[in-house]
Amino acid sequence: MADPQEIVELTHQVRKLAKGKISDINDINRETTFLALNALIEAARAGEAGKGFAVVANRVKHVATRISDITTALNKELAGSLSSLSDLADSMIERMRSHEGQRYADLALNMIDIIDRNLYERSCDVRWWATDSAVVDCLVQGSSQAQGHASHRLSVILDSYTVYLDLWIVDATGTVVANGRPDTYVVSGKSVADANWFKDAMKTSSGSDFVAGDVQALPQLRNAHVATYATAIREHGAIDGRQLGALVIFFDWAPQASAVVNGVRLTDDEWKRTRCIIIDSAFRVLASSDGKGILNEQFRLVTEDRKSGFYRSSDGRTISFAATPGYESYRGLGWYGVVIQAPPA
């Protein structure tokens, strides 16, 4: 199937070629008319001897006039038709780009929707596990035995939920007292009192509330990229129980997010000129299909207060985007899915 863009370009080339050739014909015809006029003048000067030549000169002038009429009509009719054809072709391309832009905006929405649904499950996990008796007893009893039992319980959870790097139990002072992978991450006894996700978790008003932190490279987890979720651990595991400390879970962001941005349904040809990214509310790149700029690049998205849409950037790229719709009780963090496509080569 022919590329519509090639048809458009060919139309513009034909229009340019036709105008150029008609202009060449008019130039030649003007020279012919000028020569015919000169011949008539010379024939008049020659008197009787020039009468025969004057007939030929008049005939040449007549032919030149006809050619001029034809080229004028051709220029008018052909130029009009080619102009209409060019406008039609341009309109066709614009509609095609609009259709494609909307398709990519839908793909961007699908990306961020998958992320939202995934992170919603994380918010459910942290609230559920905070009520586990081993987790609660770890802070109530405070003994090394209770802490060891809680650590074992967290390790069992991690064996089943492979999307997490680690789970921490933090007491009310901000000290980590147990974690699920103590042999891998030596964090017990370390203070996280200054971490925003801990302070915010301790401010939650009930067991139904949770805190979702920004994606970050966490030094305590060997600088792995994690999405952090936390909630208060409450007395008796009750929804309105007294706050004893916090449960913090670390979602292994990098591989999960990479699977999403690289799983967008694009053809092989589309992938050659397409980049799919997830950005946060500050336009920081959280995930990228090309693996570049993660957590250190800012992509300035122009939304014009739209939840989704597409636009053409100054360098000719088509930028399609969709804002986080949230899912169930997870309202999202103002993130966007973005599909960036370069024009065909």
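In what follows, residues are counted from 1 in the order of the sequence shown.
- When each of Leu301, Ile112, Leu286 is checked for a side-chain contact (heavy atoms from CB on, under 4.5 Å) with Ile279, only Leu301 meets the rule.
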Side chain to side chain donor-acceptor pair (under 3.5 Å) between Tyr104 and Glu270, intermediate numbers included: CA-CA 11 Å; Tyr104 295 129; Glu270 287 175 322; 2.7 Å; yes
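- Not counting sequence neighbours, the partners of Asp132 by the side-chain contact (heavy atoms from CB on, under 4.5 Å) test are Ala134, Val135, Arg153.
- Minimum heavy-atom separation, Ser320 to Ala105: CB-N, 3.5 Å.
- Between Ile340 and Phe299, the closest heavy-atom pair is CD1-CE1, 3.5 Å.
- Once rounded to the nearest 0.5 Å, the distance linking CD1 of Ile115 with CG of Leu333 reads 11.5 Å.
- At least one side-chain heavy atom of Tyr336 sits under 4.5 Å from a side-chain heavy atom of Thr303.
- Here the OG1 atom belonging to Thr184 is positioned 6.0 Å from the CZ atom belonging to Arg222, to the nearest 0.5 angstrom.
- For the pair Leu295/Val215, a side-chain contact is recorded, criterion being any heavy-atom separation below 4.5 Å from C-beta on.
- Asp137 and Ser133 share no side-chain donor-acceptor pair at under 3.5 Å.
- To the nearest 0.5 angstrom, Thr228 atom OG1 is 5.0 Å from Gln216 atom CD.
- The closest side-chain heavy-atom distance from Leu221 to Val226 is below 4.5 Å.
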Worked verdict on Ile278 versus Val338 for side chain to side chain contact (heavy atoms under 4.5 Å, CB included): CA-CA 6 Å; Ile278 301 293; Val338 184; over 6 Å; no
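- The environment of CH2 in Trp271 is crowded: more than 12 heavy-atom neighbours from other residues, nucleotides or ligands sit within 6.0 Å.
- In this model, a donor atom of one side chain and an acceptor atom of the other lie less than 3.5 Å apart for Asp116 and Thr324.
- Here the CG-CD distance, from Leu109 to Gln102, works out to 9.5 Å after rounding to the nearest 0.5 Å.
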Would Ile319 and Val302 count as a side chain to side chain contact (heavy atoms under 4.5 Å, CB included) here? Give the steps. CA-CA 9 Å; Ile319 315 297; Val302 181; over 6 Å; no
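- With values rounded to the nearest 0.5 angstrom, Thr175 atom OG1 is found 13.5 Å from Ile169 atom CD1.
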Carefully, step by step, assess Asn223 and Leu218 under the rule side chain to side chain contact (heavy atoms under 4.5 Å, CB included). CA-CA 4 Å; Asn223 288 314; Leu218 200 66; over 6 Å; no
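- The aromatic ring centres of Phe210 and Trp197 sit 6.0 Å or more apart.
- Counting heavy atoms from C-beta on, the side chains of Val163 and Phe251 come closer than 4.5 Å.
- Looking at Gln243, its side chain does come within 3.5 Å of a backbone N or O of Met202 through a donor-acceptor pair.
- A continuous path of ILVMFWY side-chain contacts below 4.5 Å connects Tyr229 to Ile114, so both sit in one hydrophobic cluster.
- Ser151 places no side-chain N or O within 3.5 Å of a backbone atom of Gly148 that could act as its donor or acceptor partner.
- Contacts of Asp171 classified as salt bridge (charged side-chain N to carboxylate O under 4.0 Å, His left out), with partners at least two apart in sequence or in another chain: none.
- Looking at Phe250 and Leu167, their side chains never come closer than 4.5 Å, going by heavy atoms from C-beta outward.
- Val339 and Ile294 fall within a single hydrophobic cluster, where Ile, Leu, Val, Met, Phe, Trp and Tyr are joined by side-chain heavy atoms under 4.5 Å apart, directly or via other members.
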Step-by-step side chain to side chain contact (heavy atoms under 4.5 Å, CB included) determination, Tyr161 to Glu121: CA-CA 11 Å; Tyr161 291 81; Glu121 292 179 6; over 6 Å; no
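- Inter-residue side-chain proximity for Val211 and Lys203 is flagged as unmet; no heavy-atom pair is nearer than 4.5 Å.
- Remark: Asp290 engages Arg275 in a salt bridge, criterion side-chain N to carboxylate O under 4.0 Å.
- When all heavy atoms of Gln141 and Ala146 are compared, the pair lying nearest together is OE1-CB, 3.5 Å.
- Closest approach of Cys138 and Ala150 over heavy atoms only: CB-CB, 3.6 Å.
- Environment of CG in Asn296: crowded, with over 12 heavy atoms of neighbouring residues, nucleotides or ligands closer than 6.0 Å.
- The hydrophobic cluster containing Val260 also contains Trp335, counting ILVMFWY residues as joined when their side-chain heavy atoms lie under 4.5 angstrom apart, directly or transitively.
- Nearest heavy-atom pair across Gly237 and Thr131 is O-CG2, 3.5 Å.
- Nearest heavy-atom pair, Gly180 versus Ser155, reported as atom, atom and distance to 0.1 Å: O-CB, 3.3 Å.
- Both Leu154 and Trp128 belong to a common hydrophobic cluster when Ile, Leu, Val, Met, Phe, Trp and Tyr are linked at side-chain heavy-atom distances under 4.5 angstrom.
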Derivation and outcome, side chain to side chain donor-acceptor pair (under 3.5 Å), residues Tyr164 and Arg122: CA-CA 9 Å; Tyr164 294 107; Arg122 312 293 67 88; 2.6 Å; yes
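- Both Phe321 and Ile277 belong to a common hydrophobic cluster when Ile, Leu, Val, Met, Phe, Trp and Tyr are linked at side-chain heavy-atom distances under 4.5 angstrom.
- Of the charged side-chain nitrogens involved, none lies within less than 4.0 Å of a carboxylate oxygen, so that Asp106 and Arg103 do not count as a salt-bridged pair.
- Within the 4.5 Å cutoff, no side-chain heavy atoms of Cys276 are placed close to those of Leu107.
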Would Thr318 and Gln341 count as a side chain to side chain donor-acceptor pair (under 3.5 Å) if you check the C-alpha gap in whole Å, the side-chain angles of each, and the deciding distance to 0.1 Å? CA-CA 5 Å; Thr318 299; Gln341 190 168 69; 5.5 Å; no
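- Side-chain contact check for Trp168 and Asp166: at least one donor-acceptor pair (N or O, by modelled atom type) lies under 3.5 Å.
- A side-chain donor from one of Thr204 and Arg234 sits under 3.5 Å from a side-chain acceptor of the other.
- Here Asp268 does not pair with Lys272 in a salt bridge; the nearest charged N to carboxylate O distance is not below 4.0 Å.
- Going from atom CG of Leu165 over to atom OH of Tyr185 covers 4.5 Å, rounded to the nearest 0.5 Å.
- A 4.5 Å side-chain heavy-atom check between Trp129 and Ile249 finds at least one atom pair inside the cut-off.
- Looking at Arg317, its side chain never comes within 3.5 Å of a backbone N or O of Ala342 through a donor-acceptor pair.
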